Visitor: 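My questions will all concern the structure given below.
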Number of protein chains: 2
Amino acid sequence: MTAPTPSDTAAAFERHDHSHCAGAVMQAAEGRARAEGLRLTPVRRRVLEILLEEHRALGAYDILDRLKAEGFGHQPPVAYRALDFLVEHGLAHRIRRLNAFAACMHPDTDHAPAFFICAQCSAVAESAATPLRDAAQAAGLAIGFTIERVTIEAIGTCPACHPGTAPSPQVPS
Amino acid sequence: MTAPTPSDTAAAFERHDHSHCAGAVMQAAEGRARAEGLRLTPVRRRVLEILLEEHRALGAYDILDRLKAEGFGHQPPVAYRALDFLVEHGLAHRIRRLNAFAACMHPDTDHAPAFFICAQCSAVAESAATPLRDAAQAAGLAIGFTIERVTIEAIGTCPACHPGTAPSPQVPS
DNA sequence: TTGCGAAGTGTTATAATAGTACATTTCGCA
DNA sequence: TGCGAAATGTACTATTATAACACTTCGCAA
Ligand SMILES: [Zn+2]
Ligand SMILES: [Zn+2]
Ligand SMILES: [Zn+2]
Ligand SMILES: [Zn+2]
């Protein structure tokens with residue numbers, strides 16, 4: 001419910017009661033929506049739920065497939081609009097490296113996170129990136145560049161996929 | 001010719017004798033190719049030249065347009081293959097935020113840079129990102145994540161486009 | 001020097017991702 | 001109740017990227 005801690009973030013890579021954590025995030029999102037007067041309509045809510053259920057990054061067309069299976073509209077804008085809404089209000093994040101989207105796991109904190117993407121199992125963890133952003137800010141300052149937003153996305157191997165354990169491959173480098 | 005310095009990087013945003021700097025980079029690239037036995041074939045060389053001439057990020061299809069105008073193949077793979085080669089060998093970089101490519105301005109140093117992209121004029125500067133990468137590494141370590149590559153791309157306003165001067169807008173946020 | 005295998009090039013075709021435009025419905029609110 | 005704004009659904013299009021295959025060129029070794 002508060003700012004993401006390292007152990008928090010690491011949890012993303014571990015087996016956990018996901019329906020529980022997804023439920024908690026959903027509640028936080030609903031809280032935000034109520035507090036800020038956001039309209040968490042059926043499509044939007046369902047898209048967020050789908051992202052939470054998967055707990056990984058999904059492409060817009062993956063989302064769209066599910067939406068149409070559930071009787072929502074079946075054209076790309078249906079998915080893109082819901083995703084745009086969620087991203088715009090910080091309930092989801094866009095992961096450019098993967099051309100995909102993931103639910104925000106800390107929707108109640110105002111943040112600009114870094115992402116850790118496991119190349120083996122495709123899990124994505126979201127982590128506070130304040131030191132990173134400060135370093136970027138400093139580097140920008142040195143060349144007179146004013147930073148508005150920084151994208152920080154790391155590809156690598158998550159703890160669950162390190163030599164020793166051996167999950168299933170899914171994502172290209 | 002050596003590691004990029006802040007003033008080096010800042011130069012990207014300033015008016016400069018670009019044919020000179022492009023020539024120097026081209027020579028460095030040729031040196032690398034010779035030293036490492038890379039085959040800098042006509043298409044590949046021309047793509048690199050085009051990127052250097054523009055000194056900004058270009059989409060694969062922008063490149064392709066020029067290639068066909070110059071009598072090279074006119075199908076996407078022609079551009080993508082040349083770009084893949086250049087990226088793979090560190091002579092160009094892919095900028096995911098823009099779905100575009102830019103010539104590497106320091107092909108003689110082994111590096112994994114950060115990018116500063118001006119939202120007004122679309123200029124792109126490439127900067128050493130060691131502190132950033134160290135911070136990322138540390139953040140990864142804290143959650144047991146082994147980083148392979150990190151993408152760092154900042155969007156903002158370059159010195160030339162700051163209130164005071166007023167260049168032309170080109171790139172969306 | 002010849003000729004073989006690997007690398008590079010060109011082409012067709014198609015996949016995957018993203019956005020425009022516009023009609024219709026729903027919602028918040030006066 | 002009804003108006004204007006927001007949201008939804010659809011058709012259509014644009015943009016970015018890859019697969020598959022034929023042909024050529026290159027490096028190199030017999
Ligand atoms: Zn979970
Ligand atoms: Zn988040
Ligand atoms: Zn230059
Ligand atoms: Zn570079």
Side-chain angles (χ1 to χ4, degrees), chain A residues 33-48 50-51 56-89 91-102 122 151 153 170-173, chain B residues 33-34 36-48 50-51 57-89 91-102 122 151 153 170-173:
Chain A
R34 220 173 307 113
E36 298 177 28
L38 307 180
R39 291 176 57 189
L40 204 50
T41 61
V43 215
R44 292 169 177 175
R45 166 188 302 266
R46 189 63 195 121
V47 169
L48 181 53
I50 289 167
L51 289 175
R56 61 190 178 94
L58 292 178
Y61 284 76
D62 295 332
I63 301 278
L64 184 56
D65 284 344
R66 310 212 186 198
L67 288 180
K68 52 181 156 189
E70 297 178 18
F72 292 97
H74 54 288
Q75 297 298 327
V78 173
Y80 279 104
R81 280 194 294 233
L83 289 165
D84 286 349
F85 172 88
L86 295 173
V87 168
E88 186 176 350
H89 295 94
L91 301 178
H93 299 290
R94 181 172 206 153
I95 300 185
R96 310 208 79 110
R97 180 87 196 204
L98 302 176
N99 290 120
F101 302 82
S122 89
T151 300
E153 295 173 358
Q170 255 170 288
V171 155
S173 90
Chain B
R34 222 175 303 114
E36 299 176 28
L38 307 179
R39 292 177 54 189
L40 204 50
T41 61
V43 214
R44 293 168 176 177
R45 166 186 303 269
R46 190 60 195 122
V47 169
L48 181 53
I50 289 167
L51 289 174
L58 292 177
Y61 284 78
D62 295 333
I63 302 276
L64 184 56
D65 285 344
R66 309 213 187 197
L67 288 180
K68 54 182 155 187
E70 296 176 20
F72 292 96
H74 54 289
Q75 297 299 326
V78 173
Y80 279 104
R81 280 194 293 233
L83 288 165
D84 286 349
F85 171 89
L86 295 173
V87 168
E88 187 174 350
H89 294 95
L91 302 177
H93 299 290
R94 181 172 203 151
I95 300 184
R96 309 207 79 110
R97 181 86 197 202
L98 302 175
N99 290 119
F101 302 82
S122 88
T151 302
E153 296 173 357
Q170 254 169 288
V171 155
S173 90

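Quick caveat, the model's predicted, so the values are computed rather than measured.
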Visitor: Quick one: pull up CZ in B/F101 and CG in B/D62 and give me the separation to the nearest 0.5 Å.
Guide: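 Going from the CZ atom of B/F101 to the CG atom of B/D62 covers 11.0 Å.
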
Visitor: Kindly confirm whether the side-chain ring of B/Y80 is stacked on the base of D/dT18, judged by centres under 5.5 Å and planes under 30°.
Guide: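 The base of D/dT18 is not stacked with B/Y80 (the test needs centres under 5.5 Å and planes under 30°).
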
Visitor: Let's test your reading of the model: under 3.5 Å, does the base of C/dG28 pair with the side chain of A/R39 as donor and acceptor?
Guide: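 Side chain to base: no pair below 3.5 Å.
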
Visitor: Does any donor-acceptor pair link the side chain of B/Y61 with the base of D/dA14 at a separation under 3.5 Å?
Guide: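 Checked by distance alone, the answer is no.
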
Visitor: Heavy-atom nearest nucleotide on DNA chain C for B/G73 versus A/A100: which residue maps closer to 5'?
Guide: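 Result of the comparison: B/G73.
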
Visitor: Rounded to whole Å, how long is the line connecting atom CG of B/L64 with atom C1' of D/dT18?
Guide: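 After rounding, the reported distance stands at 14 Å.
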
Visitor: How many whole angstroms separate atom CG of A/L40 from atom C1' of D/dA6?
Guide: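 Rounded to whole Å, this separation is 15 Å.
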
Visitor: Between B/L86 (CG) and C/dG8 (C1'), how many Å, whole number?
Guide: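 Atom CG in B/L86 sits about 14 Å away from atom C1' in C/dG8.
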
Visitor: For A/P77 and for A/G59, find the nucleotide of DNA chain C with the closest heavy atom, then tell me which residue's nucleotide is more 5'.
Guide: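 The residue whose closest nucleotide sits nearer the 5' end is A/G59.
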
Visitor: Between atom CG in B/D84 and atom P in C/dG10, what is the gap in whole Å?
Guide: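 So the two atoms are 15 Å apart, to the nearest Å.
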
Visitor: Could you give me the CA-CA distance, side-chain angles and deciding distance for B/T151 and B/R96, then say whether side-chain hydrogen bond (donor to acceptor under 3.5 Å, both in side chains) is met?
Guide: CA-CA 8 Å; B/T151 302; B/R96 309 207 79 110; 5.7 Å; no

Visitor: Which nucleotide in the set C/dA21, D/dC26, C/dA18 lies at the smallest distance from any side-chain heavy atom of A/A60?
Guide: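 Output: C/dA18.
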
Visitor: Atom CD of B/E70 to atom P of C/dT9: distance rounded to whole Å?
Guide: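 These atoms are roughly 15 Å apart.
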
Visitor: Which distance, rounded to the nearest 0.5 Å, do you find between the CG of A/L40 and the CG of A/L86?
Guide: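 That separation rounds to 7.0 Å.
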
Visitor: Which one, C/dG19, D/dA11, C/dT11, comes nearest to the side chain of A/Q75?
Guide: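 That would be D/dA11.
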
Visitor: For the CD atom of A/Q75 and the NZ atom of A/K68, what is their distance to the nearest 0.5 Å?
Guide: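 Spacing of CD (A/Q75) from NZ (A/K68) equals 7.5 Å.
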
Visitor: Just how far, in rounded Å, is P of C/dT11 from NZ of B/K68?
Guide: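 For the pair B/K68 NZ and C/dT11 P, the rounded distance is 11 Å.
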
Visitor: Between B/N99 and A/P42, which residue's closest nucleotide on DNA chain D lies nearer the 5′ terminus?
Guide: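 Result of the comparison: A/P42.
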
Visitor: Can you identify which nucleotide, out of C/dG10, D/dA11, D/dA7, has its nearest atom closest to the B/R81 side chain?
Guide: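 The answer is C/dG10.
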
Visitor: For B/F72 and D/dT24, what is the distance between atoms CZ and C1' respectively, to the nearest whole Å?
Guide: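 Going from CZ in B/F72 over to C1' in D/dT24 covers 16 Å.
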
Visitor: Given C/dG10, C/dT12, D/dT8, which nucleotide is nearest the side-chain atoms of A/T41?
Guide: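 Closest nucleotide to the A/T41 side chain: D/dT8.
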
Visitor: If you round to the nearest 0.5 Å, how far is CG of B/L58 from CD1 of B/I50?
Guide: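 It comes to 8.0 Å.
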
Visitor: Send over the distance from B/F85 CZ to C/dA7 P, rounded to a whole Å.
Guide: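 Between P of C/dA7 and CZ of B/F85: 13 Å.
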
